[in-house]
Amino acid sequence: MIKKVFITVGIVILATTVSMNIQANTYAEDQVPAYAKWGKLAVKETQTKYPNATLVDYLHIGSEIKEDSTIERFKLWMKDGNKEFGVFINIKYTTSTGKLINIEFQETSQ
C-alpha cells in the first residue's frame with residue numbers, strides 16, 4: 001500500500017514538473033524581442049558582406065529613436081581564418097512602417 005502511494009506521488013510530481021517545463025518553454029518562445037527581425041537581417045547582411053567569415057558572437061547593443069525612425073545597433077564578432085574582428089551594424093528603419101532605410105557597417109578590431 002505504501003509503495004503504491006509513493007509511486008502515485010512520484011508520478012504526480014513528475015507530471016507536474018514536465019507540465020511546468022512545457023509551460024516555461026512555451027512562455028519563453030512567446031517572448032521574441034522586438035529587435036529579433038533586425039538581428040536576423042544584421043546577421044544575414046554581415047554574412048553576405050563577409051562570406052568567408054563565420055559568426056562567433058552576437059550582441060544587440062540597443063535601440064535609438066530619432067524623429068520618425070529607429071536605429072537598431074548590433075555588434076557581431078566574426079572569424080575569418082586566423083583573423084577575428086568585430087562588425088558594428090546600424091539598421092535604420094521607419095518606426096511606424098518598419099520600412100528599411102539603410103544599413104551601415106563598421107569593422108573593428110575590438
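A quick note: this is a predicted structure, and the numbers were derived from the prediction, not measured. In this chain, numbering begins with 1 at the start of the sequence shown.
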Chemist: Please determine whether residues I61 and Y58 belong to a single hydrophobic cluster, defined as Ile, Leu, Val, Met, Phe, Trp and Tyr linked transitively by side-chain heavy-atom distances below 4.5 Å.
Modeler: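 No, it is not one cluster - the side chains of I61 and Y58 are not joined through contacts under 4.5 Å.
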Chemist: Out of curiosity, T108 OG1 to W77 CH2, how far, rounded to the nearest 0.5 Å?
Modeler: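 Rounded to the nearest 0.5 Å, the OG1-CH2 separation comes to 7.0 Å.
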Chemist: Do N102 and N90 touch side chain to side chain, with heavy atoms closer than 4.5 Å?
Modeler: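 Of all side-chain heavy-atom pairs linking N90 with N102, none is under 4.5 Å.
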Chemist: Rounded to the nearest 0.5 Å, how far does CD of Q47 lie from CG of N52?
Modeler: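 Between N52 CG and Q47 CD, I get 12.0 Å after rounding to 0.5 Å.
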Chemist: Between F74 and I91, is there a side-chain heavy-atom distance shorter than 4.5 Å?
Modeler: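 Yes, close enough: below the 4.5 Å cut-off.
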Chemist: Do V43 and Y93 belong together in a cluster built from hydrophobic side chains that touch within less than 4.5 Å?
Modeler: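 Both belong to a single hydrophobic cluster.
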Chemist: Report whether I103 and L55 are members of the same hydrophobic cluster (ILVMFWY, side-chain heavy atoms less than 4.5 Å apart, transitive linking).
Modeler: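 As far as the 4.5 Å side-chain criterion goes, L55 and I103 are connected within one cluster.
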Chemist: Could you check whether T95 and T70, counting side-chain N and O atoms only, form a donor-acceptor pair closer than 3.5 Å?
Modeler: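 T95 and T70 do have a side-chain donor-acceptor pair below 3.5 Å.
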Chemist: Check for me whether K37 meets the cation-pi criterion with Y35, that is, NZ or CZ under 6.0 Å from the six-membered ring centre and within 45 degrees of the ring axis.
Modeler: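 The answer is no, since K37 fails at least one limit relative to Y35.
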Chemist: How long is the span from the CD atom in E45 to the OH atom in Y50, to the nearest 0.5 Å?
Modeler: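 So the CD of E45 and the OH of Y50 are separated by 12.5 Å.
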Chemist: So, taking the atom named CD in E107 and the one named OG1 in T46, what distance separates them when rounded to the nearest 0.5 Å?
Modeler: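 One gets 10.5 Å once the value is rounded to the nearest 0.5 Å.
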Chemist: Please find the pair of heavy atoms, one from E72 and one from S63, that lie closest to each other, and give the distance.
Modeler: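 The pair with the smallest heavy-atom distance is OE1-OG, 2.5 Å.
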Chemist: Once rounded to the nearest 0.5 Å, what's the spacing between atom CD1 of I101 and atom OG of S69?
Modeler: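 Rounded to the nearest 0.5 Å, the CD1-OG separation comes to 5.0 Å.
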Chemist: Taking C-beta and beyond as the side chain, do E64 and R73 meet within less than 4.5 Å on heavy atoms?
Modeler: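 Result yes, sub-4.5 Å side-chain heavy-atom pair found.
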Chemist: Ignoring hydrogens, what is the shortest heavy-atom contact between L100 and K92? Give both atom names and the distance.
Modeler: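 Heavy-atom minimum between the residues: CD1-O, 3.6 Å.
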Chemist: Can you find a pair of side-chain heavy atoms, one from W38 and one from H60, that are under 4.5 Å apart?
Modeler: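 In short, these two side chains do not touch, never coming nearer than 4.5 Å.
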Chemist: Could you check whether any side-chain N or O of T94 sits under 3.5 Å from a backbone N or O of S96, counting only pairs where one atom can act as donor and the other as acceptor?
Modeler: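 No; zero donor-acceptor contacts below 3.5 Å.
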Chemist: Is the distance between the ring centroids of F105 and F88 under 6.0 Å?
Modeler: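 Aromatic pair excluded; centres sit 6.0 Å or further apart.
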Chemist: Are the side chains of M78 and E84 in touch, meaning some heavy atoms are under 4.5 Å apart?
Modeler: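 M78 does not reach E84 side chain to side chain.
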Chemist: How many angstroms lie between atom CZ of F85 and atom CG of L76, to the nearest 0.5 angstrom?
Modeler: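 Here the rounded value is 10.0 Å.
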